[in-house]
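What follows is a short report on a single structure.
Just so you know, ligand 1 is whichever comes first in the structure, and atom 1 is the first atom listed for that ligand. These numbers come from a predicted model, not from an experiment.
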Amino acid sequence: MSLLTDKLYRYDAARNTRAAGIYPYFREIQSDQDTEVVINGKKVLMFGSNAYLGLTNHPKVKEAAINATKKYGTGMAGSRFLNGTLDIHVELEKKLAKFVGKEDAIVYSTGFNVNQGVISCITGREDYILWDELDHASIIEGARVSYSTKLKFRHNDMDSLEKQLQRCEPDKIKLIVIDGVFSMEGDISRLPEIIELAKKYNASVMVDEAHSLGVLGKNYSGKGLVEQCGLVDDVELIMGTFSKSLASLGGFIAGNEIILDYLRHNSRPYIFTASATPAATAAASAALDIIISEPERIKALWDITHYALDGFRERGFEIGHTSTPIIPLFIRDNEKTFLITKLLFEEGIFVNPVVSPAVAPSDTLIRFSLMATHTKEQVDIAFEKIESVFKKVGVLLHAKA
Ligand code: PMP
């Protein structure tokens, strides 16, 4: 065995779970993706998707992808910078900028590329990046690639953020980057307080709306947390992905023309990656049109979300501070989390295990997520199965008497 293979063999985190028969990853879906999917020839209820509005299967979204493929072909053989810009990329950018209320927007090939490519590009050696400890991995990756000083603050903790801001040199750039809705715990960032601190210390704020686009917004607008808080002018950069409510693949950054022009000419994951496929671009655009014209979908998402949140709380599940379609069911034990995932799958319920190193070993959880297309009957089945599996595995519930 080479030194490299030997080293990686010793670090194989999956071996134990495979040996125990509780390995939960790479389950192959063999059907279209809705609230029910087929895996291993068996129907299961899907409570692990990020397609919050249930649009991956929408006829108009599919048709847009098919028509774009027919017109433009299957792939972009080049980056946006050179031969990879289509008229539909530019149209989508304009539509997105208008939607979130910013001057301009740029579409990247994935949401991960946006965070990685924006954060690393606009901060330099003398600058600071301040990030919440539960921010998404792509934000951390962007910070890692940047030459700036990185300062982590405790999750949603304003005292911790202020202490870190006080450590920064006053006349240097300070970029605070946060998730609008945290991807595993489902709680919402304290944006109004963050903006107050940003103003006090002359910092810039970037919000990742991956899990809030198509979900939050005034009067079910789906425009995200920033718009819901009335802070569009105070947040300098708004980031979003197409891989969740927009039922596609890709991502965007929105902000003022000066920053975006700089990014267009300097952001490496924008310049050195092939641009988003015609199908992905057209699907995202069609999904955005549906979000704009059908607020009732977002209302349906919230109705089922409240039903599930109330149901889990009444049954005594520990679900932390979530108030969104992402519901963490805390287990606080790696092995049990894997075992519960497996047993639930056998009972026809698909959920995602979240274990260390994604979260601290004491914070492992089952991530249960909802779509606008879920019915109460489906959620009732999930309640019953999850309750019985938790009991079997010995996870205590604390139902009110
Ligand atoms: N930001 C957050 C908060 C995310 O949860 C994700 C994906 N899970 C991303 C960015 C990356 O998005 P994408 O999957 O589109 O690359």
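- Of all protein heavy atoms, the one closest to atom 12 (O) of ligand 1 is T241 CG2, 3.2 Å.
- Heavy atoms of N115 found under 4.0 angstrom from ligand 1 belong exclusively to the side chain.
- Side chains of D208 and N115: a donor on one and an acceptor on the other come within 3.5 Å.
- With respect to the salt-bridge test (charged N to carboxylate O, under 4.0 angstrom), the residues R332 and E318 qualify.
- Under the 6.0 Å cut-off for aromatic ring centres, F47 and H374 qualify, their centroids lying closer than that.
- An N or O contact shorter than 3.5 Å is missing between N50 and ligand 1 by distance.
- Annotation: atom 9 (C) of ligand 1 to nearest protein heavy atom, H136 CE1, 3.4 Å.
- Within ligand 1, counting atoms from 1 as listed, the ones closer than 4.0 Å to a heavy atom of H211 are 3 (C), 4 (C), 5 (O).
- Every atom of ligand 1 with a heavy atom of S183 under 4.0 Å away is listed here by number and element: 5 (O).
- For the 3.5 Å distance criterion, the side chains of S120 and S146 fail to qualify, holding no donor opposite an acceptor.
- The aromatic rings of Y23 and Y25 sit perpendicular to each other, their planes meeting at more than 60°, with 30° as the lower class boundary.
- Using cut-offs of 30° and 60° on the angle between ring planes, the pair F252 and F242 is parallel.
- For ligand 1, the atoms lying closer than 4.0 Å to a non-hydrogen atom of A210 are 1 (N), 2 (C), 3 (C), 4 (C).
- F182 has its ring centre no less than 6.0 Å from the ring centre of H136.
- Of the listed options S138, A137, G111, S138 places a heavy atom closest to atom 10 (C) of ligand 1.
- Each of N352, T341, N50 was evaluated against R367; a single residue qualifies, N50, per the side-chain hydrogen bond (donor to acceptor under 3.5 Å, both in side chains) test.
- What sits closest to atom 8 (N) of ligand 1 on the protein, heavy atoms only, is K244 NZ, 2.9 Å.
- When hydrogens are left out, the protein atom nearest atom 11 (C) of ligand 1 is F112 N, 3.5 Å; that is the closest non-hydrogen contact.
- Heavy-atom proximity to S243, at under 4.0 Å, picks out these atoms of ligand 1: 13 (P), 14 (O), 15 (O).
- Here the protein heavy atom with the shortest distance to atom 1 (N) of ligand 1 is D208 OD2, 2.6 Å.
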